[in-house]
There are 2 protein chains.
Amino acid sequence: MEQHRQFVAAQANIFKALGHPSRLLMVEALRHHEKCVCELQSLVGDDMSTVSKHLSILRQAGVVSAERRGNNIYYRLTLSCLDAFLSCTSRMVENRILSLSRILDKN
Amino acid sequence: MEQHRQFVAAQANIFKALGHPSRLLMVEALRHHEKCVCELQSLVGDDMSTVSKHLSILRQAGVVSAERRGNNIYYRLTLSCLDAFLSCTSRMVENRILSLSRILDKN
DNA sequence: CAGGAATTTTGCTTTTTTGCCAAAAAGCCA
DNA sequence: TGGCTTTTTGGCAAAAAAGCAAAATTCCTG
């Protein structure tokens with residue numbers, strides 16, 4: 001019983017990690033290629049230390065993993081199944097925006 | 001450019017909604033059947049008002065929808081593609097717990 | 001080894017989220 | 001209508017998350 005609670009909490013942690021615009025943006029960018037922190041930073045535009053903290057949250061949740069090469073640290077996506085789900089949520093958001101603009105057009 | 005930011009934020013909202021143990025627990029329970037609020041409340045054990053607030057967050061994110069029948073309000077899952085992703089994150093958490101216990105066993 | 005670049009950690013303040021209580025809504029039924 | 005049940009809302013205090021700046025770490029290069 002308690003075991004299941006912990007299990008659910010760990011899963012919720014994955015969602016929580018993905019539930020921030022900057023973090024999701026970075027994860028999306030990592031769908032194709034690995035990227036170094038500096039690239040991710042210029043993508044989201046936040047302070048470097050903020051980006052680093054975001055990345056550590058994603059790492060701890062198991063969404064991404066990091067590898068150092070020289071001065072740079074490269075991040076890659078490890079949560080492979082995310083792709084299908086992202087396409088799905090993106091479709092969903094698209095539809096919601098569409099129906100919203102239909103409503104707005106009527107007024 | 002700004003459009004994409006908003007898009008990502010809306011998507012992140014879905015993840016944020018799922019990123020809480022009680023909410024994820026309820027969503028999991030809704031995978032099979034719709035349930036009334038009282039059933040969900042006894043599942044998570046929180047105060048009724050807390051449960052209701054959680055549900056409204058899930059509703060706003062578009063994860064669930066509600067329908068009133070008599071005194072009760074029934075919630076059902078609307079984010080259909082969630083199923084595959086949940087199986088995936090659950091597999092992942094399982095593996096992490098397994099490898100964690102292997103490490104602990106060694107000590 | 002000193003200097004420099006990339007990244008993380010720490011400390012701190014501000015903002016957001018959580019969760020309980022009390023009160024209000026909404027629907028049922030007598 | 002009045003009382004009962006179920007659910008939502010508003011308000012508030014406590015807990016958690018976010019973000020910036022300064023300091024520390026790590027690795028490269030001369």
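In this text, all values refer to a predicted model and were calculated from it rather than measured experimentally. Naming: A, B, ... by sequence-line order, numbering from 1 per chain.
- With B:R68 contributing its side chain and B:G70 its backbone, the two residues share a donor-acceptor pair below 3.5 Å.
- Note that the first and last nucleotides of DNA chain D, 5' to 3', having any atom under 4.0 angstrom from a heavy atom of chain B are D:dT5 to D:dG11.
- Sorted by residue number, the members of residues 28-45 of chain A with any non-hydrogen atom under 4.0 Å from DNA chain C read A:C36, A:V37, A:C38.
- Residues meeting the side chain to side chain contact (heavy atoms under 4.5 Å, CB included) test with A:H20, sequence neighbours left out: A:S22, A:R23, A:H54.
- Contact annotation: the side chain of A:V51 approaches that of A:M26 to within less than 4.5 Å [non-hydrogen atoms, C-beta and beyond].
- Looking at heavy atoms from C-beta onward, B:E28 lies in side-chain contact with A:H4 at the 4.5 angstrom threshold.
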Show the atom names and distances, to 0.1 Å, of all donor-acceptor pairs under 3.5 Å that link a side chain in residues 59-66 of chain B to residues at least two apart or in another chain.
unit_1: B:R59; atom_1: NE; unit_2: B:Y75; atom_2: OH; d: 3.2
unit_1: B:R59; atom_1: NH2; unit_2: B:Y75; atom_2: OH; d: 3.1

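- One can place CG of A:D46 at 14 Å from P of C:dT8, the figure rounded to the nearest angstrom.
- When every heavy atom of B:L58 is checked against every heavy atom of B:L18, the shortest pair comes out as CD2-CD2, 4.4 Å.
- Taking 4.5 Å as the limit, some side-chain heavy atom of A:S90 sits within range of a side-chain heavy atom of B:Q11.
- Taking B:K35 as the reference, B:A29, B:L30, B:H33, B:E39, B:L40 meet the side chain to side chain contact (heavy atoms under 4.5 Å, CB included) condition, with sequence neighbours excluded.
- Listed by chain and residue number, A:S49, A:T50 satisfy the side chain to side chain contact (heavy atoms under 4.5 Å, CB included) test with A:D47 (two or more places apart in sequence, or in another chain).
- The shortest distance between side-chain heavy atoms of A:V93 and B:I14 falls below 4.5 Å.
- Using a 4.0 Å cut-off on heavy atoms, none of the residues of residues 10-20 of chain A approach DNA chain C.
- Here ring pair (Phe, Tyr, Trp, His ring centres under 6.0 Å) pairs that include residues 77-98 of chain A, with residues two or more places apart or in two chains, are A:F85-B:F15, A:F85-B:F85.
- With sequence neighbours excluded, the residues forming a side chain to side chain contact (heavy atoms under 4.5 Å, CB included) with B:D83 are B:R31, listed by chain and number.
- Annotation: side chain of A:D46 is not in contact with side chain of A:Q41 (no heavy-atom distance under 4.5 Å).
- Five base pairs at each end of the helix from C:dC1-D:dG30 to C:dA30-D:dT1 define two local axes, and these are offset by 30° (rounded to 10°).
- The closest side-chain heavy-atom distance from A:L79 to A:V27 is not below 4.5 Å.
- Qualifying salt bridge (Lys or Arg N to Asp or Glu O under 4.0 Å) partners for B:E34, counting only residues two or more places apart in sequence or in other chains: B:R69, B:R76.
- Of the residues in residues 48-76 of chain A, those with a non-hydrogen atom less than 4.0 angstrom from any atom of DNA chain C are A:M48, A:S49, A:S52, A:K53, A:R59, A:N71, A:N72, A:I73, A:Y75.
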